[in-house]
Number of protein chains: 2
Amino acid sequence: MSSKTVDKALQVLDMFTLKHPKWGLRELSRELDMSHTIVHRMLTTLEERGYVYRSVDTQKYELGIKLLELSNVVEQHFQISEIIHPIMHKIASETGESVVMTLLDNEEGVFSKIVESSQQVRFAGSVGRRSPLYIGASHKVILCHLPKDVQRRIVRQGAETHPDLVPSADALLQRLEEIDRNRWAYSAGETISDVAAVSIPLFDYGHKVLGSLSIAGPSYRLTEEVAQEILPNLERHRPELDSILSKVCFPTRRNFLLESLH
Amino acid sequence: MSSKTVDKALQVLDMFTLKHPKWGLRELSRELDMSHTIVHRMLTTLEERGYVYRSVDTQKYELGIKLLELSNVVEQHFQISEIIHPIMHKIASETGESVVMTLLDNEEGVFSKIVESSQQVRFAGSVGRRSPLYIGASHKVILCHLPKDVQRRIVRQGAETHPDLVPSADALLQRLEEIDRNRWAYSAGETISDVAAVSIPLFDYGHKVLGSLSIAGPSYRLTEEVAQEILPNLERHRPELDSILSKVCFPTRRNFLLESLH
DNA sequence: GAATATTGGTTCTATTATCGAACCACTTAG
DNA sequence: CTAAGTGGTTCGATAATAGAACCAATATTC
């Protein structure tokens, strides 16, 4: 059993996103459909521990410095700065494009690390960005390695909520099978317009998908032909990345996903 | 009034540090002096929302990916990657040493951003590291701009808890006055052995200290003479940094500190 | 290999912390 | 001046929490 009170506090915390990083008390309580009293209590508690603070000039609540601290513990554990970052950097300099690491979390993909290329025109997406698994190469390459039942459910959701991006559920399922066979994916202009990406999946001991590694750049430069040429730059580093991620994966939440089948 | 339940959950979260990033349930409950039932409830709640997960091989709890997401919101808001990072990068390439941004939080200094130099031997400290204000140039340069009462209290604490680092409270207070006059500080081997640093304070609209900016490198290379020479590289960028931080400072927690005086 | 002491996890009820309507004091808009 | 915002507070009915006692499973001990 989980704590309802704490869950509410986390709901509050979850409202602070890139798109909406500042909230007024009443505004937030309306959005969450909670009494402003309780939101106020949650915020003061979070504030006392540095997770949140109230800006004096805007009079609104924002995320606090404490989160930088905690995220660093995660990064360190992930060995991102020590091992993964250098690898991504190497690929970026070899190909001249940005490199993105995506991780599977719950039923979504999260951009967890981005190394930008040095070119003037480059992919400069934002870390922490989270989107459904049916959009973009980096996400589809993950989706196609999940159990068929989950695939179908997510694709169906996609067809319902984003008919513009997923015009046909069946076509997407076929595409996923194709990606599965190839072990890599290419897409252009799906997550962000004018941005294309090539992606390979990353595995846990060679079994389950943990995420993906992608090279991303402007569509006009990163055509499907170019993508195929630079694919080996990604593949080359897969063994290392797999073995690191195997040790520091986030299996539990993925298990939630898998368990949800029965 | 703040929520006791939520506060307990945050206490749990706060236990995951760089030094101790993995916890067993019982181990954690003992350390926190809480019933294991409640710690368990907190952890499951945190787990459901991705703040924490339980590793399958170690059977221990660790911080989850959600925190990367939230920290990115903070970083974005701070405009670290957009504005501050380039400035720090410039200083690093000008001086050939690492550059560190420290922020005042509660009564401690937190390394909030580090740009490493490209030299083989370089300062490569860890972001998120938190230490008392009486240790190191980056922290003392903050401390000396706090109200005299606070200074005295913190220095006294330092003399009690770390007599090795603060042999004489009076000597340190004098040193702080000196730093205050100079508007910069130099230290060697205090926070980390063999590492020296030059620091300047960063202000909120020219009034209150928000943090500091430092150049850090190996003591043998970054002597006090060298430090003085490269000081202008820091000073040059102060106006920009001050104006950015003024807009995105974390005043509330600092106010806690100031209010605690009366 | 039986005994012991861990581990993570669950159940149940007396107790306690939480919730939310109603309430400030203050600012802004009309 | 009124009306409708804002953030913040109070207090009693109520619902969620705490924690002892309980598993089942694994490690450790002898």
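The sequence lines fix the lettering, A, B, ..., with proteins before strands; numbering per chain opens at 1. Source: prediction; values computed, not measured.
Partners of A/Ser2 by side chain to side chain donor-acceptor pair (under 3.5 Å), not counting sequence neighbours, listed by chain and number: B/Glu48. Applying the side chain to side chain contact (heavy atoms under 4.5 Å, CB included) criterion to B/Glu108, with sequence neighbours excluded, gives B/Arg130. In terms of the side chain to side chain donor-acceptor pair (under 3.5 Å) criterion, residue partners of A/His145 (sequence neighbours excluded) are, by chain and number, A/Asp180. With sequence neighbours left out, B/Tyr134 forms a ring-ring contact (aromatic ring centres under 6.0 Å, His included) with B/His162. A search for side chain to side chain contact (heavy atoms under 4.5 Å, CB included) contacts involving A/Ser35 returns A/Thr37, A/Ile38, not counting sequence neighbours. Taking the ring-ring contact (aromatic ring centres under 6.0 Å, His included) definition, one finds that A/His36 meets it with nothing, sequence neighbours left out. Take A/Ser199 and apply the side chain to side chain donor-acceptor pair (under 3.5 Å) test, not counting sequence neighbours, and it matches A/Ser214.
Remark on the helix from C/dT10-D/dA21 to C/dA22-D/dT9: inter-end axis angle 40°, axes from five-pair C1' superpositions, rounded to 10°.
Of all nucleotides in DNA chain D having an atom under 4.0 Å from a heavy atom of chain A, the first and last in 5' to 3' order are D/dT6 to D/dT17.
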If you restrict it to nitrogen or oxygen atoms, what contacts under 3.5 Å exist between nucleotides 28-30 of chain C and the protein, and what is each distance?
none

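Listed by residue number, the members of residues 24-33 of chain A with any heavy atom below 4.0 angstrom from DNA chain D are A/Gly24, A/Leu25, A/Arg26, A/Arg30.
Under a cut-off of 6.0 angstrom, the local environment of CG in A/Asp164 is crowded, with over 12 non-hydrogen atoms contributed by other residues, nucleotides or ligands.
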Exercise. Quick one, give me the B/S/- string for nucleotides 11-21 of chain C, reading 5' to 3', where B means a protein heavy atom under 4.0 Å from the base and S means that only happens at the primed atoms, P, OP1 or OP2.
Key: B-----SSBBB

Self-check item: Step-by-step side chain to side chain donor-acceptor pair (under 3.5 Å) determination, A/Thr5 to B/Thr5
Solution: CA-CA 7 Å; A/Thr5 315; B/Thr5 314; 4.6 Å; no

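Remark: P of C/dG8 and OH of B/Tyr53 are 16 Å apart, rounded to the nearest angstrom.
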